[in-house]
Amino acid sequence: MNNLNIRNTGYVVGIVSVLFFLICSVWGVVLTSAALVQLHIMLLQLAYPGFAFTIVGYSIGIIEAFVYGWVFGASFAWLCKKVCIGHTQ
C-alpha cells in the first residue's frame, strides 16, 4: 500500500471511466424503447455537459469521462495515502 501512486491511480480510474462511458453510450443505442433511449441520452448529457451523439459531442464526453475519472482516482489515492497509510507508520 505504500507504493500507491497518485498519478497512476488517476490514469487507471480515468481509463475505466472512459470504458464505462463507451459501454453506457452503446447501451443507449441498443435500447429498444424510444422513451428509454431519450432518458438515457438525457442522463448522459446531465453527467457529461456538452455530450451529444455527434463526433464533437462524443469526443467531449470521452474527455470529460477521463478527466472526472482521473480526478476521482487521484483524489482517492491521495486521501488513502493521507488517512490509511499515514496512521500505520
Side-chain angles (χ1 to χ4, degrees):
M1 198 71 159
N2 289 332
N3 296 331
L4 186 63
N5 188 324
I6 294 172
R7 187 177 36 152
N8 289 344
T9 305
Y11 285 133
V12 168
V13 176
I15 291 170
V16 169
S17 178
V18 168
L19 292 175
F20 278 127
F21 172 79
L22 294 173
I23 291 169
C24 285
S25 60
V26 168
W27 181 253
V29 174
V30 173
L31 293 173
T32 56
S33 172
L36 285 178
V37 170
Q38 188 64 23
L39 175 67
H40 198 78
I41 291 172
M42 287 175 26
L43 288 174
L44 282 172
Q45 289 174 340
L46 180 66
Y48 304 106
F51 169 76
F53 276 111
T54 63
I55 292 174
V56 174
Y58 206 76
S59 300
I60 290 172
I62 289 174
I63 291 168
E64 286 181 332
F66 180 78
V67 170
Y68 295 159
W70 193 93
V71 169
F72 178 78
S75 300
F76 178 79
W78 175 81
L79 186 64
C80 189
K81 279 184 122 172
K82 293 294 180 189
V83 174
C84 301
I85 297 172
H87 290 292
T88 60
Q89 295 176 346

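Nothing fancy with the numbering, it's 1 onward along the sequence.
Follow the hydrophobic side-chain contacts under 4.5 Å out from Ile15 and you reach Leu22 in the same cluster. Under the 4.5 Å side-chain heavy-atom criterion for grouping Ile, Leu, Val, Met, Phe, Trp and Tyr, Trp27 is connected to Leu36 within one hydrophobic cluster. Both Phe21 and Val37 belong to a single network of hydrophobic side chains, linked directly or stepwise wherever heavy atoms of I, L, V, M, F, W or Y lie under 4.5 Å apart. Tyr68 and Val13 fall into different hydrophobic clusters, defined by Ile, Leu, Val, Met, Phe, Trp and Tyr side-chain heavy atoms under 4.5 Å apart, directly or through other members. Taking hydrophobic clusters as Ile, Leu, Val, Met, Phe, Trp and Tyr residues chained together by side-chain heavy-atom distances below 4.5 Å, Val71 shares a cluster with Ile62.
Taking the six-membered ring for Trp and the full ring otherwise, Tyr48 and Tyr58 have centroids separated by 6.0 Å or more.
Aromatic ring pairs are classed by plane angle as parallel below 30°, tilted from 30° to 60° and perpendicular above 60°; the pair Phe51 and Phe53 is perpendicular.
With rounding to the nearest 0.5 Å, the separation of CG in Leu39 from CG in Leu44 is 9.5 Å. To the nearest 0.5 Å, atoms OG (Ser33) and CD (Gln38) are separated by 10.5 Å. Between the CZ atom in Phe76 and the CG atom in Leu4 there is a gap of 8.0 Å [rounded to 0.5 Å].
The shortest non-hydrogen separation linking Asn5 to Ala77 is O-CB, 4.5 Å.
Hydrophobic clustering, defined by side-chain heavy atoms of Ile, Leu, Val, Met, Phe, Trp and Tyr closer than 4.5 Å, leaves Ile23 isolated from every other such residue.
Applying the ring pair (Phe, Tyr, Trp, His ring centres under 6.0 Å) test to Phe20 and every residue at least two apart in sequence or in another chain returns nothing.
Ser17 is not listed as a side-chain neighbour of Trp70, based on a closest heavy-atom distance of 4.5 Å or more.
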